[in-house]
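Only one structure is covered here, and it is reproduced in the block below.
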Amino acid sequence: MLINHDTRCALDAVVDLVNTATAGPGGGPDALADAAALRQFVERHDISGVGALGERDLVAVRAVRDRFARAFAAGETAALAELLNAMVAEAGTTPRLTDHDGYDWHVHYFAPGASLAEHLAADGGMALAFLVVAGERERLRRCEAPDCGRAFVDLSRNRSRRYCDGRTCGNRLHVAAYRARRKEATG
């Protein structure tokens with residue numbers, strides 16, 4: 001599957017945003033606890049045009065995060081499409097070409113002057129919509145590790161990824177299975 005740089009960045013931001021919430025049985029505290037944490041999220045994803053952030057932004061971004069979490073849980077494509085259509089429309093989507101901050105020409109879907117929540121809803125919603133249009137919605141997954149449940153987008157060639165991170169969750173489960181087999185073999 002061919003995904004352009006901007007769509008990939010938007011997908012990464014959506015996944016990271018969803019994963020800031022407590023996830024799974026062993027989940028920790030909300031990683032978007034305050035405006036400072038929200039600022040760190042913005043900087044981590046190099047989101048342009050974001051001014052001062054306050055409590056109102058935090059509440060709005062958490063609401064967008066909840067909607068993206070529902071996108072990962074959507075059972076049918078029609079339900080996912082309905083959710084994404086609503087998010088993108090409510091964000092006041094205004095596609096426009098731009099070349100800022102040393103980046104080549106690309107499309108922004110959020111309106112000029114949009115809030116951070118509208119920015120995330122528009123760009124992230126469109127990135128997820130592109131997966132639906134490409135017939136690739138099954139790439140939206142949750143980690144299969146029993147104590148994890150983090151969201152990820154499976155961009156592997158054969159759609160075989162099962163864990164949010166093969167070096168942590170995947171490796172941990174493989175080591176546990178190996179140890180169980182060894183224990184059983186030794187008696």
Side-chain angles (χ1 to χ4, degrees), residues 2-24 27-74 80-134 137 139-143 149-153 155 164-165:
L2 182 63
I3 296 178
N4 69 30
H5 174 75
D6 299 324
T7 301
R8 177 65 189 258
C9 289
L11 289 172
D12 289 345
V14 167
V15 166
D16 190 24
L17 181 61
V18 169
N19 289 333
T20 63
T22 53
D30 190 329
L32 287 183
D34 54 28
L38 185 57
R39 173 61 63 191
Q40 290 174 344
F41 175 85
V42 166
E43 291 171 0
R44 189 167 54 248
H45 291 283
D46 198 22
I47 299 172
S48 62
V50 177
L53 295 170
E55 186 65 26
R56 181 181 294 186
D57 297 294
L58 185 60
V59 169
V61 169
R62 284 179 178 162
V64 168
R65 175 182 68 185
D66 292 344
R67 292 176 90 178
F68 281 136
R70 287 197 310 270
F72 276 84
L80 176 58
E82 184 177 335
L83 174 68
L84 294 176
N85 284 337
M87 285 183 72
V88 169
E90 291 167 19
T93 307
T94 308
R96 69 190 193 296
L97 286 167
T98 183
D99 68 336
H100 60 87
D101 300 328
Y103 293 103
D104 202 1
W105 288 102
H106 58 284
V107 178
H108 280 185
Y109 294 97
F110 57 93
S115 70
L116 176 59
E118 292 166 334
H119 179 142
L120 292 169
D123 278 359
M126 289 303 299
L128 294 178
F130 292 143
L131 289 179
V132 171
V133 169
R137 76 168 298 267
R139 290 181 183 272
L140 300 178
R141 300 215 174 133
R142 291 286 187 163
C143 183
R150 292 175 56 88
F152 67 94
V153 177
L155 297 178
C164 62
D165 186 344

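Applying the ring pair (Phe, Tyr, Trp, His ring centres under 6.0 Å) rule to pairs touching residues 38-64 yields Phe41-His45, sequence neighbours excluded.
No side-chain donor-acceptor contact under 3.5 Å links His108 to the backbone of Pro95. Side chain of Asn19 to main chain of Ala151: a donor-acceptor pair is present (N/O by atom type, distance under 3.5 Å, no hydrogens or angles). A donor-acceptor contact shorter than 3.5 Å is absent between the side chain of Asp6 and the backbone of His106. Side-chain N or O atoms of Asp57 include one that pairs as donor or acceptor with a backbone N or O of Gly54 at under 3.5 Å. Arg142 places a side-chain N or O within 3.5 Å of a backbone atom of Gly149 that can act as its donor or acceptor partner.
Under the salt bridge (charged side-chain N to carboxylate O under 4.0 Å, His left out) criterion, Arg8 pairs with Asp12, not counting sequence neighbours. Applying the side chain to side chain contact (heavy atoms under 4.5 Å, CB included) criterion to Ser115, with sequence neighbours excluded, gives Ala117, Glu118. Annotation: side-chain hydrogen bond (donor to acceptor under 3.5 Å, both in side chains) contacts of Thr20 (sequence neighbours excluded): Arg65. Contacts of Asp34 classified as side-chain hydrogen bond (donor to acceptor under 3.5 Å, both in side chains), with partners at least two apart in sequence or in another chain: none. Looking at residues two or more places apart in sequence or on another chain, you find a side-chain hydrogen bond (donor to acceptor under 3.5 Å, both in side chains) between Arg44 and Asp16. Taking the salt bridge (charged side-chain N to carboxylate O under 4.0 Å, His left out) definition, one finds that Arg62 meets it with Asp30, sequence neighbours left out. Residues satisfying the salt bridge (charged side-chain N to carboxylate O under 4.0 Å, His left out) criterion with Glu90, sequence neighbours excluded, are Arg67. Listed by chain and number, the residues in a side chain to side chain contact (heavy atoms under 4.5 Å, CB included) with Val50 are Arg39, Val42, Ile47, Leu53, Leu116 (sequence neighbours excluded). With sequence neighbours excluded, the residues satisfying side-chain hydrogen bond (donor to acceptor under 3.5 Å, both in side chains) with Asp46 are Tyr103. The side chain to side chain contact (heavy atoms under 4.5 Å, CB included) search around Ala71 returns Leu80, Leu83, Leu128, not counting sequence neighbours. Partners of Arg141 by salt bridge (charged side-chain N to carboxylate O under 4.0 Å, His left out), not counting sequence neighbours, listed by chain and number: Asp154.
Atom CZ in Phe68 sits 3.5 Å away from atom CE in Met87 (nearest 0.5 Å). The CG atom of Leu140 sits 10.0 Å away from the CZ atom of Phe152 when rounded to the nearest 0.5 Å. Summarising the geometry, atom CG belonging to Leu131 is positioned 8.5 Å from atom OG1 belonging to Thr7; distances are rounded to the nearest 0.5 Å. Remark: Asp99 CG to Trp105 CH2 distance equals 4.0 Å, nearest 0.5 Å.
A cation-pi contact, defined as under 6.0 Å to the ring centre and within 45° of the axis, links Arg96 to Phe110.
The two residues Cys143 and Cys164 come nearest to each other via the heavy atoms SG-N, 3.3 Å. Heavy atoms only, all atoms of each residue included: Leu84 and Ala129 are closest at CD1-N, 3.7 Å. Contact record, Val88 with Ala122: CG2-O, 4.3 Å, taken as the closest heavy-atom pair. Across Gly92 and Ala111, no two heavy atoms sit closer than the pair O-CB, 3.4 Å. Across all their heavy atoms, Leu17 and Leu32 have their closest contact at CD1-CD1, 3.7 Å.
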Would Val15 and Phe72 satisfy side-chain contact (heavy atoms from CB on, under 4.5 Å), going step by step from the backbone distance to the final call?
-> CA-CA 9 Å; Val15 166; Phe72 276 84; 3.9 Å; yes
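A heavy-atom distance below 4.5 Å is not found between the side chains of Val153 and Val14.
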